[in-house]
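Here is the structure we will look at.
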Amino acid sequence: MYDFEFPGQQADGMVAITIGDARERILVQPVTPPALQAARLRIEYPEYLQRPPQESEIRVGVTSILTGSKVSLGGTASRELANAELSHTLLPLVEGLSPQEDGAAVEQPDPFGVDVTVKGATMWSQPVAMTEQPGLLELHWTDKLGLRDEGGFRLRMEPVRDEPPTPYIQGSERQRILLEEETIEFEAISEDDFGVREIGIEWRGQFTKPTDETPANGELKLATGAADLMRLSSEVAFSPSTLGITPQKLTVRAYAEDYLPERGRVYSQPITLFILTRDEHATLLKNQFDRLIGELEDIAR
């Protein structure tokens, strides 16, 4: 057996071999290593989110993954594949320190192998759990001709946490004065990174004068969201008399819940309602009117 080495070629050509009286011509067809035409990522979210798996094409080498998810890396090569392999490496939480900076040797993390299923030119890995540490996935493949990829494909995964929702009240001043039969209108809104489950309002009363009555205390569910709904809002027409609330000082807050178990409700900044009787309201208006008259008289003088 003889091995022959030729300079790199890009076009088909013929090689003529002469050994004594023997003559032979061999067709040479240059073949490039198998290239990755498309890389894809499949994410299985934690069960509490009640979301179906999500699959998307990857165009960059870094992505953010929710902690607790399971990730599968796949792709399509330019030719039919014989096999593929994937390694998963857990990276340190804090990087960038060299051995000279911290005075000790840097321990290199050990990768571990992940099974990859190959079908034709397509490959998919088994799911990998996303922990609170960054991870590095490195995919390599070999085609039916025995040619291996050039460099493979690397994907860095950054963990992200499920943050609390952000509820707020819009369309109302922070302090309002009204009669118990009046109605004020505002909007309760909440935003969340992985879906708003529910929004509503709560109110707590406080009497400013001694009384035997019990302060108001209640809540009202406004809307039900969904695991794929990042923003949920509802118009509110708040009428104290309709809700059985007597004149008192009332603190109203919007609340929101997301899908993370045991997190509970998250509250907005409150608005304060001073609910007055007709006599108190009349006295307030008279005082305001008297003050305006005094200011006009000062201006006239």
Side-chain angles (χ1 to χ4, degrees), residues 48 162-227 229-301:
Y48 74 84
D162 188 348
E163 297 295 337
T166 307
Y168 55 95
I169 292 175
Q170 184 172 279
S172 174
E173 298 174 358
R174 288 302 168 192
Q175 292 189 350
R176 294 282 298 271
I177 296 173
L178 69 159
L179 294 168
E180 58 182 314
E181 63 267 23
E182 286 186 284
T183 299
I184 64 167
E185 296 181 351
F186 56 86
E187 188 176 14
I189 305 171
S190 181
E191 299 173 349
D192 188 69
D193 49 358
F194 291 101
V196 184
R197 183 174 186 173
E198 177 183 311
I199 62 170
I201 56 172
E202 287 186 3
W203 57 89
R204 300 288 183 269
Q206 178 185 355
F207 289 109
T208 56
K209 298 178 181 179
T211 179
D212 294 333
E213 296 183 38
T214 302
N217 187 348
E219 62 180 55
L220 180 64
K221 179 180 176 179
L222 298 175
T224 300
L229 196 61
M230 309 306 172
R231 187 179 190 273
L232 185 61
S233 64
S234 178
E235 298 287 344
V236 181
F238 190 87
S239 174
S241 61
T242 302
L243 298 170
I245 301 173
T246 58
Q248 58 191 284
K249 177 184 175 182
L250 203 67
T251 301
V252 180
R253 300 183 295 176
Y255 73 81
E257 298 178 8
D258 65 2
Y259 286 83
L260 185 64
E262 300 180 1
R263 169 169 281 161
R265 292 179 175 178
V266 179
Y267 294 93
S268 71
Q269 291 293 321
I271 61 173
T272 303
L273 305 180
F274 295 93
I275 306 169
L276 306 181
T277 63
R278 288 183 173 275
D279 290 341
E280 291 172 335
H281 195 257
T283 301
L284 176 66
L285 292 178
K286 181 179 182 303
N287 292 337
Q288 291 177 341
F289 183 74
D290 291 343
R291 186 175 65 253
L292 289 174
I293 292 296
E295 291 175 356
L296 290 174
E297 289 176 347
D298 290 340
I299 293 173
R301 283 195 293 268

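Computed from a prediction, not measured in an experiment: that's the story for all the values here. As a basis for the values below, the full set of heavy atoms in this structure was taken, side chains included, without hydrogen atoms, waters or symmetry mates.
Residues Ile275 and Leu179 fail the side-chain proximity criterion, which asks for heavy atoms closer than 4.5 Å. Pro247 places none of its side-chain heavy atoms less than 4.5 Å from the side chain of Leu276. Here the side chains of Pro270 and Val252 are not in contact, with every heavy-atom distance at 4.5 Å or above. Side-chain contact between Leu229 and Val196 is absent, with no heavy atoms from C-beta onward closer than 4.5 Å. Under the 4.5 Å side-chain criterion, counting only non-hydrogen atoms from C-beta, Phe274 is in contact with Gln175.
If you take CZ on Phe194 and CG on Asp258, they are separated by 10.5 Å, rounding to the nearest 0.5 Å. Expressed to the nearest 0.5 Å, how far OG of Ser233 lies from CD1 of Ile189 amounts to 5.5 Å. Interatomic distance, Glu191 CD to Thr166 OG1, rounded to the nearest 0.5 Å: 6.5 Å. Atom CG in Leu243 sits 7.0 Å away from atom CD1 in Ile201 (nearest 0.5 Å). Atom OG1 in Thr251 sits 11.5 Å away from atom CD in Glu202 (nearest 0.5 Å). Separating the CG atom in Leu250 from the CD atom in Gln248 is a distance of 5.5 Å, to the nearest 0.5 Å.
Not counting sequence neighbours, the partners of Thr211 by the side-chain contact (heavy atoms from CB on, under 4.5 Å) test are Phe207, Glu213. With sequence neighbours excluded, no residue satisfies side-chain hydrogen bond (donor to acceptor under 3.5 Å, both in side chains) with Asp192. Residues satisfying the side-chain contact (heavy atoms from CB on, under 4.5 Å) test with Glu198, not counting sequence neighbours, are Lys221, Tyr255, Glu257, Arg265.
Ring-plane geometry between Trp203 and Phe238 is classed as perpendicular, the angle between the planes exceeding 60 degrees on a 0 to 90 degree scale with a lower cut at 30.
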Using the rule given for side-chain contact (heavy atoms from CB on, under 4.5 Å), can you reason through Val236 versus Leu222, listing the C-alpha separation, both sets of side-chain angles and the distance that settles it, and then say yes or no? CA-CA 8 Å; Val236 181; Leu222 298 175; 3.6 Å; yes

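Considering all non-hydrogen atoms of both residues, Tyr267 and Pro167 come closest at C-CG, 3.7 Å. Gln206 approaches Pro215 most closely through the heavy-atom pair N-CB, 4.1 Å. For the pair Ile169 and Arg174, the tightest heavy-atom approach, listed with the atom from each and the gap, is O-NH2, 4.0 Å. Heavy-atom minimum distance, Glu181 versus Ser241: CA-OG, 3.6 Å. Minimum heavy-atom separation, Tyr168 to Arg231: OH-NH2, 3.8 Å. Residues Val266 and Pro165 come closest through the heavy atom pair CG1-O, 3.5 Å.
Between the Ser190 side chain and the Ala256 main chain, no donor and acceptor come within less than 3.5 Å of each other. With hydrogens and angles disregarded, a donor-acceptor distance shorter than 3.5 Å links the side chain of Arg263 to the backbone of Glu163. Ser268 contributes a side-chain N or O that, together with a main-chain N or O of Ala254, makes up a donor-acceptor pair within less than 3.5 Å.
Using modelled atom types, one finds no donor on one side chain facing an acceptor on the other under 3.5 Å when comparing Tyr259 with Asp162.
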